[in-house]
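Each remark here refers to the structure printed beneath this line.
Whatever order the structure lists them in is the order used to number ligands and atoms, beginning at 1.
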Amino acid sequence: MSPPVYLDYAATTPVDPAVARAMMQCLGAGGAFANPSSIHGPGRAAAALIEQARAQVAALIGAEPQEIVFTSGATESSNLVVLGVARANADRGRHIVTSRIEHKAVLDPCGRLEKEGFRVTYLAPDSSGRVDPAAVRGALRPDTLLVSIMHVNNEIGVIEDIAEIGALCRAEGVAFHTDAAQSVGRIEVDVGRLPIDFLSLTSHKIYGPKGVGALFLRRGARALLQPLTFGGGQEGGLRPGTLPTHQIVGFGVAAEQAAAYRQIDHSRVAALRDRLWAGIERSGGVHLNGEVAPRVPQILNVSFDDVEGESLVRALSSLAVSTGSACSSATGDPSYVLRALGRSTRLAEASLRFSLGRFTTADEIDYAAEEVRREVARLRGVSPHAPGRSAPAPQESASPAGGRLDSRAGGLMEDVERLFRELPAGGAIPDGAGTVLRGEAGGPAEEVWVRFHLLVDGDIVKDARFEARGCPHTLATAAWLASGMPGRRRDDALRSGPRAWARTLGVPVEKLGRLLVIEDALRATLRSGPGRGHHE
Ligand SMILES: *Cc1c(COP(=O)(O)O)cnc(C)c1O
């Protein structure tokens with residue numbers, strides 16, 4: 001199998017070869033490895049490389065080199081601002097304004113400050129993801145210390161109006177911070193023209209190494225900050241510790257390249273993004289998140305009707321993309337950004353973020369669009385009559401070929417994988433075929449819906465099919481049960497239950513609740529028909 005197509009550039013980017021070369025020259029005995037704080041020759045040489053990188057990073061955003069502090073990344077930069085400004089000025093006020101769709105790098109330090117007695121206003125964006133500058137103005141209080149609104153949202157790519165928000169903060173004398181991790185290198189960011197006091201950026205989103213980033217602080221804004229760590233006094237005492245020369249030098253080269261490539265990257269990627277959307281849109285039942293707002297070209301976030309989030313992601317294992325699905329997040333919650341836009345939990349879970357970059361090709365985009373169309377159709381094909389579905393798809397074309405599987409062949413996990421890929425017995429048994437028992441459980445608002453169709457002759461099951469919308473384990477279990485039924489007595493269908501099924505198929509315990517829905521559907525099915533031995 002070929003490696004997945006990488007469409008997750010908003011999560012991180014590969015290091016550009018020129019960046020890697022520059023970094024290598026700072027590592028070995030023959031390179032600029034000396035401590036840049038040392039006053040001997042090799043130390044001064046390393047320090048000079050760092051100052052060169054500082055100038056390169058500053059130039060990318062229109063800053064002066066002395067306005068750049070190197071950190072470990074945008075998370076640290078944002079923590080430094082949010083915690084540093086609040087704690088240093090607690091005697092002046094205890095209020096902060098931010099938005100609900102900020103990165104956790106801003107939300108989590110805000111949450112920390114609430115525990116320390118600060119108040120935080122979390123502004124809701126409109127349904128396209130834009131934070132209204134008027135709402136920011138309305139949230140300001142006499143004791144407001146800081147406003148933090150991101151430049152570009154990392155999930156949906158929407159560009160916030162930071163020029164307007166920064167201007168009104170300045171007019172009110174409130175410090176303004178923006179998290180620009182997703183905008184720097186993608187769209188123009190010029191602190192010479194934008195009224196910004198603090199700006200966070202990071203190297204690994206612009207083809208530089210991970211573990212290094214920067215905080216821009218406008219001249220004079222330093223006085224508003226207190227450091228988080230204390231030590232050797234590097235970076236003006238704001239961020240002490242031996243500077244990682246190789247990381248910083250790599251970041252500098254990446255910044256220089258970002259400035260040079262920005263226009264080319266932008267138009268090329270925009271064309272690929274449009275091509276991807278055109279390909280995905282053909283599936284129907286898709287929603288482009290942030291559609292009406294100005295967006296960066298690198299990010300395309302799409303919600304899919306009538307599919308379950310985890311199954312969608314599993315089915316698309318040939319693509320490296322991000323998802324709004326709870327199962328893939330550390331917190332177990334569906335995307336809070338899409339929820340803040342007003343998407344339902346179910347739709348938020350059934351969402352994919354495609355993010356494109358410098359090395360994305362048209363072939364990859366065409367392949368990705370085709371994979372999405374095929375897998376969405378396949379998953380929708382096993383739930384053609386799901387409650388709440390708008391237009392049932394023709395089931396014949398999309399439902400997989402029948403055929404029984406021997407569940408004992410191969411490892412257990414592999415079985416689930418294979419059952420999920422093939423979904424034997426998926427679809428419906430049409431009316432008029434004979435005595436068909438039907439029953440279902442779960443519903444449109446729930447994460448699982450299952451319906452069985454059993455064609456019976458007296459006590460004997462002649463054919464069995466299922467329709468379902470659910471996670472991969474749910475679909476695989478329903479497929480396994482249905483495909484094993486033909487030829488057996490219908491009473492046998494419930495001889496074993498969810499725990500036994502889970503053991504046989506290796507379904508994790510936290511999914512057991514979903515198997516109970518399958519059992520309910522099966523019970524309802526068996527109850528639905530004429531009694532034993534009775535023919536219609
Ligand atoms: C990636 C990202 C971060 C985190 O940056 P790190 O350098 O990984 O700490 C913060 N904010 C946004 C918007 C991001 O996209």
Looking at ligand 1, does any of its N/O atoms fall within less than 3.5 Å of an N/O of [X]?
X      : value
Glu76  : no
Gln182 : yes
Ser72  : no
Ala74  : yes

Write out the residue and atom name of the closest protein heavy atom to [atom], then the distance separating them to 0.1 Å.
atom                   : result
atom 8 (O) of ligand 1 : His204 NE2, 2.8 Å
atom 3 (C) of ligand 1 : His103 NE2, 3.5 Å
atom 2 (C) of ligand 1 : Lys205 NZ, 2.5 Å
atom 7 (O) of ligand 1 : Thr202 OG1, 2.6 Å
atom 9 (O) of ligand 1 : Thr75 OG1, 2.5 Å

Taking the six-membered ring of Phe420 as reference, does the cationic atom of Arg378 (NZ for Lys, CZ for Arg) lie under 6.0 Å from its centre and within 45° of its axis?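 The answer is yes, since Arg378 meets both limits relative to Phe420.
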
Below 4.0 Å, non-hydrogen atoms only: which portion of [X] touches ligand 1? Side chain, backbone, both or neither.
X      : value
Asp179 : side chain
Ala181 : side chain
Met150 : side chain

Please state whether the rings of Phe70 and Phe251 are parallel, tilted or perpendicular, taking 30° and 60° as the class boundaries. perpendicular

Do side-chain atoms of [X] reach the backbone of [Y] as a donor and acceptor pair under 3.5 angstrom?
X      : Y      : result
Thr202 : Lys205 : no
Arg94  : Asp143 : no
Asn89  : Arg92  : no

Contact between Ser322 and Glu155 at the side-chain level, heavy atoms closer than 4.5 Å - yes or no? no

Any salt bridge linking Asp305 with Arg380? Criterion: basic side-chain nitrogen under 4.0 Å from a carboxylate oxygen. no

Any side-chain donor near an acceptor of the partner, Asp363 and Thr361, under 3.5 Å: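 Distance-only check fails for Asp363 and Thr361.
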
